[in-house]
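Naming convention: chains lettered A, B, ... in sequence-line order (proteins, then strands); numbering from 1 in each chain. All values below were derived from every heavy atom in this structure, side-chain atoms included, with hydrogens, water molecules and symmetry-related copies excluded.
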Protein chains: 2
Amino acid sequence: MDRGPAGRRRVDLELMRTPPPKERADAARNRVKVLEAAAELFASHGVESVSMDAIATAAGVGKGTLFRRFKDKAGLAAALLDDRERDLQDAILSGPAPLGPGLGDTTVSPSERLHAFADAYLDYALSHLSLVRMSETAAPGARYRIGAYGFWHRHLTMLLDQSVDDGDALAHALLAALGAEHLTAMVESIGRKRARAAVHVLFEAAT
Amino acid sequence: MDRGPAGRRRVDLELMRTPPPKERADAARNRVKVLEAAAELFASHGVESVSMDAIATAAGVGKGTLFRRFKDKAGLAAALLDDRERDLQDAILSGPAPLGPGLGDTTVSPSERLHAFADAYLDYALSHLSLVRMSETAAPGARYRIGAYGFWHRHLTMLLDQSVDDGDALAHALLAALGAEHLTAMVESIGRKRARAAVHVLFEAAT
DNA sequence: CACATAACTGGACTACAGTCCGAATGAATG
DNA sequence: CATTCATTCGGACTGTAGTCCAGTTATGTG
């Protein structure tokens, strides 16, 4: 597979975010090569059936490099999702209502914001389901360790606390229904439309 | 699950038309040896850190035997849980109220039965958490394929349908909060007591 | 520019799940 | 008891995730 500069294909996501602490030039080059190779292999063969060896080989990089940078397969998947996830988080933190808080004098009910979150999260998760699933399940308990889970949980807790007693606990329960493993099974058994509806039924019940 | 044909009855309806599939003596012996070895190793070293090789060796059996009989590590865990799980299912189907239907003229509200189910299921799952987790997560999507999931789901659906619209979908959502992976994370982060309370909050909200 | 050193690299290596198939063995039959 | 044959046995084999470390390279300092 010729990956010379001339034939290099653009990855449509901005995947090569540079970490603040100085990164060596060769390391940056390899990070980009790995993410491009992974995106391409995942797209063409399916996330499940691409081995880390295959990614390392396609990227022209050693396995040690791959694992040092991304920790494991879940970390690699998370890196590929990073931008999309960040967009969603930004929209929640500072975007327009009802997903975000809206402008100064906007008033949206917590319930509206909960449903808006459910919709936006499902848009995100369902359109990259196998990647999200990989990022959550490749390592045992990975889902609950990554920062994103904490973010979603804080957001839901904040909204729920305005109308129920134990918002914290309820937030965990609602997030359980948004887990990729569960979403995958739901989509397979009842389809996207009903799976989406089921989430809204649950979120409605929680308020 | 795999308890062999010990309880099978021969049905002589007609001629020798039915070839009786019988378990060979050596196979039965090995099944017992494997289950005993697995139970002991799991108890002493923890489910996660016992390899299938180790179990095969301890049981004095080849790997092929192990995998043919139990399919994979999830299947082995499920076999070890079989009795407990069956007890719970029996109690639900024909035990005393509020967990079971009770005697003829007993009347228990669906809500009561839902909470009784939550309690009983948590008793079961929390006291064998790592085994349950193994049975659900060793293979991807294993949880939703095993028969037990269908059983819990049908039971919840039946109860929920008496008070809400889409009981089926809601049942899936409630079960998501009972997944071993989720329970493990909850117990680690907020402890058994609050995790249990969170499940009840959710079940309460669903009715 | 030369050097010191901290960070990066990459492939050999380990451990584990799961597959395969020739050999061994139990049970039914005559 | 001998024969037949379906079933089971068990260890060699494959493929993958993840580790390790000796050698390499980039970068700050005199």
Side-chain angles (χ1 to χ4, degrees), chain A residues 18-34 37-38 41-42 45-79 133-142, chain B residues 2 4-5 8 10 12 15-34 37-38 41-42 45-79 134-142:
Chain A
T18 308
K22 57 193 172 181
E23 180 185 35
R24 265 167 54 166
D26 52 348
R29 218 177 311 137
N30 281 340
R31 181 166 44 79
V32 172
K33 283 198 294 181
V34 166
L41 286 176
F42 283 166
H45 296 88
V47 175
E48 308 289 342
S49 50
V50 175
S51 73
M52 293 296 267
D53 277 286
I55 295 168
T57 302
V61 144
K63 287 189 67 175
T65 306
L66 195 50
F67 281 95
R68 164 181 312 287
R69 295 209 75 84
F70 300 103
K71 165 89 175 154
D72 55 19
K73 210 174 177 180
L76 179 54
R133 190 183 188 198
M134 180 61 69
S135 79
E136 291 183 359
T137 61
Chain B
D2 186 282
R8 179 178 303 95
R10 167 181 276 225
D12 273 293
L15 307 174
M16 56 287 200
R17 195 75 164 135
T18 44
K22 212 174 163 188
E23 183 186 38
R24 271 168 48 166
D26 53 348
R29 218 177 314 144
N30 282 339
R31 179 166 45 78
V32 172
K33 285 197 294 182
V34 166
L41 287 175
F42 284 165
H45 296 86
V47 176
E48 309 290 341
S49 50
V50 176
S51 73
M52 293 297 266
D53 277 286
I55 296 169
T57 301
V61 144
K63 288 188 67 174
T65 306
L66 195 51
F67 280 95
R68 181 160 10 75
R69 189 163 279 289
F70 298 103
K71 164 91 174 151
D72 56 20
K73 208 173 180 182
L76 179 53
M134 181 61 70
S135 79
E136 291 182 359
T137 61

Item checked: Qualifying residues under side chain to side chain contact (heavy atoms under 4.5 Å, CB included), relative to B:Arg29, sequence neighbours excluded -> B:Ala25, B:Asp26
Next item on the list: Could you tell me which residues satisfy side-chain hydrogen bond (donor to acceptor under 3.5 Å, both in side chains) with B:Lys33, sequence neighbours excluded, listed by chain and number?
Entry: B:Asn30
Notebook entry, point to check: Roughly, in whole Å, what's the span from CG in B:Leu41 to C1' in C:dC16?
Noted result: 15 Å
Margin query: Rounded to whole Å, please give me the gap between CG in A:Leu76 and P in D:dA17.
Written below: 11 Å
Checklist line | Distance, rounded to the nearest Å, where B:Glu23 contributes CD and C:dA28 contributes C1' | finding: 18 Å
Item checked: Those residues that, when tested against A:Phe70, pass side chain to side chain contact (heavy atoms under 4.5 Å, CB included) (two or more places apart) -> A:Arg31, A:Val34, A:Leu35, A:Leu66, A:Leu76, A:Ala79
Item checked: For B:Ser51, all residues meeting side chain to side chain contact (heavy atoms under 4.5 Å, CB included), sequence neighbours excluded -> B:Asp53, B:Ala54
Next item on the list: Write down the distance between CZ (B:Arg69) and C1' (C:dT19), rounded to a whole number of angstrom.
Entry: 18 Å
Note to self: Could you work out how much the helix from C:dC1-D:dG30 to C:dG30-D:dC1 bends, comparing the axis of its first five pairs with that of its last five, to 10°?
What the structure shows: 10°
Margin query: Does A:Ala25 reach a base, just sugar-phosphate, or nothing at all? Heavy atoms under 4.0 Å.
Written below: sugar-phosphate
Note to self: If you assign A:Asp53 and B:Gly60 each to the DNA chain D nucleotide with the nearest heavy atom, which residue ends up on the more 5' nucleotide?
What the structure shows: B:Gly60
Notebook entry, point to check: Does a side-chain N or O from B:Asn30 land closer than 4.0 Å to OP1 or OP2 of D:dC9, or not?
Noted result: yes
Notebook entry, point to check: At their closest point, which heavy atom of A:Asp72 faces which heavy atom of A:Ala139, and how far apart are they?
Noted result: OD2-CB, 3.7 Å
Checklist line | Residue pair B:Pro140 / A:Arg133, side-chain heavy-atom distance below 4.5 Å | finding: yes
Margin query: Measure CG/B:Leu66 against P/C:dT19 and give the value in whole Å, please.
Written below: 12 Å
Item checked: Closest-nucleotide 5' rank along DNA chain C - winner of A:Gly62 and B:Glu48 -> A:Gly62
Note to self: How many whole angstroms separate atom CZ of A:Phe70 from atom P of D:dA17?
What the structure shows: 15 Å
Notebook entry, point to check: Just by protein heavy atoms under 4.0 Å, how would nucleotides 19-25 of chain D read 5' to 3' in B, S and -?
Noted result: BBB---B
Margin query: Test of understanding: with side chain to side chain contact (heavy atoms under 4.5 Å, CB included), list the residues that count as partners of A:Ala77, not counting sequence neighbours.
Written below: A:Leu131, A:Met134, A:Ser135
Item checked: Residue pair A:Ile55 / A:Ala37: nearest heavy atoms and the distance that separates them -> O-CB, 4.2 Å
Notebook entry, point to check: Where is the tightest heavy-atom contact between B:His45 and B:Val50, given as atom of each residue plus distance?
Noted result: CB-CG2, 3.9 Å
Check: Taking atom P of D:dT7 as reference, at what distance in whole Å does atom CZ of B:Arg31 sit?
Finding: 17 Å
Note to self: Quick check on DNA chain C: between B:Arg29 and A:Val61, whose nearest nucleotide comes earlier from the 5' end?
What the structure shows: A:Val61
Notebook entry, point to check: Over how many whole Å does the gap from A:Lys33 atom NZ to C:dG10 atom C1' extend?
Noted result: 12 Å
